[in-house]
Engineer: 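Mind having a look at this structure? Questions to follow.
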Amino acid sequence: MLNVHQLKIFRTVVRAGSFSRAAEELRITQPSVSIQVRELERALGVELFEQIGKRIFLTEAGRVLDEYAVRILALLEEAERAVRDLRGASGGLLRVGANNTPATYLLPPLLARVRQQAPEAEISLEILPTRRVYEKLLRNELDVGVVGDGMRHESIVHFPYYTDELVVLASPRHPLAGRKDVTASELVRQRLVLRERGSGTREATERAFRSLGLVPTPAMELPNNEALVQAVVADLGVGVVSRLAAEEAIRRGHVVVVETADFRPTRTLWGVRHREKRVTSLLRTLLELMGDPQFVPAAAAEDGGAG
């Protein structure tokens, strides 16, 4: 029979990439780690690792076991949380993953409100691309996520969380600053500073241009909102970014919003969770704050959600 203790050691070796680092993380000796892995291999009748040079790699059997080990250990952790939740414990674990914009500007205040209700709760927030959020939800490594448009999965529940307005930014010194009649065709000829390919902001920007028959060619592509705003502050070009990311720079007068006649991109940010995920009281609190229609009281739902 599979031994949970051995599975935990096996997973630690996989994650750490070596027996010695796993031993350090587990605070046991390296021979103890090796013995437990060998016992697991003996019980299953297969080799789980192979060594090439100084590095270890999972065998095919090891890869299969690793997929199940992740799910088994996550399910055990969920069972422990569920029992604590039933006893009314004030702690618990809440794991949230989100794209850059919602993780930076929207979720921290909500998580602070959750912590007010459960001061001893362990709350984690990871900034992840959409694909990784989905992967972690499906592997039960996240409880809830917030992502932009694009992906769908039959096992994932989606609900609209926030309508994100994108704005065109320029330095106060730029020729477009102060104008109110800028068109998309004029905008696309500027030196454009855009987010990197694959980001939700970039996809929404390109979608808005395409709807007008235009294809933008960026002069600069940057990996986060803060870098983009600072590039515009430095007058390196005209940028398109979430208003959430630009509010502070706009307030300080470091950048201005260029009023466009026909280019007003928006995107929906979606709350996502696994359809079969057990909803603890801690998770329910967050889902209510996010406006998940399954958990928002009817009267509140009629007044509108979070965005």
Side-chain angles (χ1 to χ4, degrees), residues 1-98 111 118 120-129 131-145 153 155-156 272-283:
M1 294 179 65
L2 287 175
N3 180 299
V4 172
H5 177 64
Q6 291 171 350
L7 277 182
K8 289 181 178 179
I9 291 177
F10 167 73
R11 271 297 298 149
T12 305
V13 173
V14 174
R15 189 176 62 252
S18 78
F19 286 81
S20 58
R21 284 195 293 270
E24 291 175 5
E25 184 175 331
L26 294 166
R27 297 183 179 180
I28 59 177
T29 65
Q30 181 176 334
S32 296
V33 171
S34 300
I35 290 170
Q36 292 300 320
V37 171
R38 282 200 301 270
E39 288 295 326
L40 183 58
E41 289 177 325
R42 186 176 297 112
L44 294 171
V46 295
E47 290 187 353
L48 300 172
F49 294 98
E50 60 179 340
Q51 184 164 344
I52 300 177
K54 295 184 178 181
R55 298 183 60 190
I56 60 169
F57 299 87
L58 285 170
T59 63
E60 182 61 29
R63 284 190 289 273
V64 170
L65 180 63
D66 186 45
E67 291 180 6
Y68 282 97
V70 168
R71 291 155 60 185
I72 290 168
L73 295 175
L75 194 60
L76 285 171
E77 185 179 288
E78 183 178 335
E80 292 176 359
R81 293 202 308 273
V83 171
R84 288 197 301 269
D85 192 56
L86 287 173
R87 335 190 271 260
S90 59
L93 175 65
L94 182 62
R95 304 163 302 176
V96 185
L111 296 178
E120 298 179 18
E122 181 182 342
I123 300 174
S124 66
L125 173 61
E126 293 183 77
I127 298 178
L128 300 166
R131 186 171 298 279
R132 288 287 292 143
V133 172
Y134 277 71
E135 289 174 356
K136 288 204 161 199
L137 285 172
L138 293 170
R139 290 164 66 102
N140 197 25
E141 295 175 352
L142 287 178
D143 300 308
V144 67
H153 192 284
S155 297
I156 302 296
V272 287
R273 56 182 172 80
H274 198 290
R275 193 175 301 279
E276 299 176 3
K277 177 72 178 175
R278 183 183 180 279
V279 178
T280 64
S281 60
L282 199 61
L283 178 54

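Scope of the values below: all heavy atoms of this structure, side chains included, with no hydrogens, waters or symmetry mates.
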Engineer: Only distances under 3.5 Å count here; give the side-chain donor-acceptor pairs of residues 21-28 to other protein atoms, sequence neighbours excluded, each with its distance to 0.1 Å.
Structural biologist:
{"residue": "R21", "atom": "NE", "partner": "A16", "partner atom": "O", "Å": "2.9"}
{"residue": "R21", "atom": "NH2", "partner": "A16", "partner atom": "O", "Å": "3.1"}
{"residue": "E25", "atom": "OE2", "partner": "R15", "partner atom": "NH2", "Å": "2.3"}

Engineer: Which residues pass the side chain to side chain donor-acceptor pair (under 3.5 Å) test with S20, sequence neighbours left out?
Structural biologist: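 Applying side chain to side chain donor-acceptor pair (under 3.5 Å) to S20 gives S18.
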Engineer: Taking all atoms of both residues into account, what is the closest heavy-atom pair of I156 and R275, and its distance?
Structural biologist: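 For I156 and R275, the tightest heavy-atom pair comes out as O-NH2, 3.6 Å.
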Engineer: Apply side chain to side chain donor-acceptor pair (under 3.5 Å) to R273 and list each qualifying residue two or more places apart in sequence or on a separate chain.
Structural biologist: D292, Q294
Engineer: Quick one: salt bridge (Lys or Arg N to Asp or Glu O under 4.0 Å) partners of E67, sequence neighbours excluded?
Structural biologist: none
Engineer: Ignoring hydrogens and angles, write down the donor-acceptor pairs under 3.5 Å from the side chains of residues 29-36, residues two or more places apart or on other chains.
Structural biologist:
{"residue": "T29", "atom": "OG1", "partner": "S32", "partner atom": "N", "Å": "3.3"}
{"residue": "T29", "atom": "OG1", "partner": "S32", "partner atom": "OG", "Å": "2.8"}
{"residue": "S34", "atom": "OG", "partner": "Q30", "partner atom": "O", "Å": "3.2"}
{"residue": "Q36", "atom": "OE1", "partner": "Q6", "partner atom": "NE2", "Å": "3.3"}

Engineer: Would you say that V144 contacts V272 through its side chain, given a criterion of any heavy-atom pair below 4.5 Å between the two side chains?
Structural biologist: no
Engineer: Quick one: do T280 and L93 satisfy side chain to side chain contact (heavy atoms under 4.5 Å, CB included)? Show the steps, please.
Structural biologist: CA-CA 9 Å; T280 64; L93 175 65; over 6 Å; no
Engineer: Who passes side chain to side chain contact (heavy atoms under 4.5 Å, CB included) against S124, sequence neighbours left out?
Structural biologist: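 For S124, the residues satisfying side chain to side chain contact (heavy atoms under 4.5 Å, CB included) (neighbours in sequence not counted) are R95.
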Engineer: Let's go through V46 and L65 carefully: what are the C-alpha distance in whole Å and the side-chain angles of both, what is the deciding distance for side chain to side chain contact (heavy atoms under 4.5 Å, CB included) to 0.1 Å, and is it a yes or a no?
Structural biologist: CA-CA 11 Å; V46 295; L65 180 63; over 6 Å; no
Engineer: What pairs of residues pass the salt bridge (Lys or Arg N to Asp or Glu O under 4.0 Å) test when at least one of them lies in residues 2-13, not counting sequence neighbours?
Structural biologist: R11-D66
Engineer: Taking all heavy atoms of L138 and all of S155, pick out the closest pair and write down the distance.
Structural biologist: CD2-CB, 4.0 Å
Engineer: Which residues pass the salt bridge (Lys or Arg N to Asp or Glu O under 4.0 Å) test with R63, sequence neighbours left out?
Structural biologist: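 Expected list: E60.
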Engineer: Over all heavy atoms of both residues, which pair between A121 and L282 is shortest? Give the atoms and the distance, please.
Structural biologist: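 For A121 versus L282, the nearest heavy atoms are CB-CD2, 3.8 Å.
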Engineer: E276 and H274: which non-hydrogen atoms are nearest, and at how many Å?
Structural biologist: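 It is N-ND1, 3.0 Å.
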Engineer: Taking only residues two or more places apart in sequence or in another chain, which ones pass salt bridge (Lys or Arg N to Asp or Glu O under 4.0 Å) with K277?
Structural biologist: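 With sequence neighbours excluded, K277 shows a salt bridge (Lys or Arg N to Asp or Glu O under 4.0 Å) to E78, D143, given in chain and number order.
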Engineer: Of the non-hydrogen atoms in A98 and V133, which two are nearest, and what is the gap between them?
Structural biologist: N-CG2, 4.1 Å
Engineer: Between I9 and H5, is a side chain to side chain contact (heavy atoms under 4.5 Å, CB included) present by the stated rule, with each step listed?
Structural biologist: CA-CA 6 Å; I9 291 177; H5 177 64; 3.4 Å; yes
Engineer: Please collect all side chain to side chain donor-acceptor pair (under 3.5 Å) contacts where either partner lies in residues 40-52, sequence neighbours excluded, each pair once.
Structural biologist: E39-R42
Engineer: Going by heavy atoms in the side chains, are L58 and V14 under 4.5 Å from each other?
Structural biologist: yes
Engineer: Could you give me the CA-CA distance, side-chain angles and deciding distance for E141 and V70, then say whether side chain to side chain contact (heavy atoms under 4.5 Å, CB included) is met?
Structural biologist: CA-CA 8 Å; E141 295 175 352; V70 168; 3.2 Å; yes
Engineer: Give every residue pair that meets the ring-ring contact (aromatic ring centres under 6.0 Å, His included) criterion with at least one member in residues 50-79, sequence neighbours excluded.
Structural biologist: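 For residues 50-79: none.
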Engineer: By salt bridge (Lys or Arg N to Asp or Glu O under 4.0 Å), which residues pair with R55, not counting sequence neighbours?
Structural biologist: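 Applying salt bridge (Lys or Arg N to Asp or Glu O under 4.0 Å) to R55 gives none.
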Engineer: Quick check on side chain to side chain contact (heavy atoms under 4.5 Å, CB included): which of L40, V13, V64, I56 does L48 satisfy it with?
Structural biologist: L40
Engineer: Between F10 and F49, how do the two ring planes meet: parallel, tilted or perpendicular, split at 30° and 60°?
Structural biologist: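 It falls in the tilted class, 30° to 60°.
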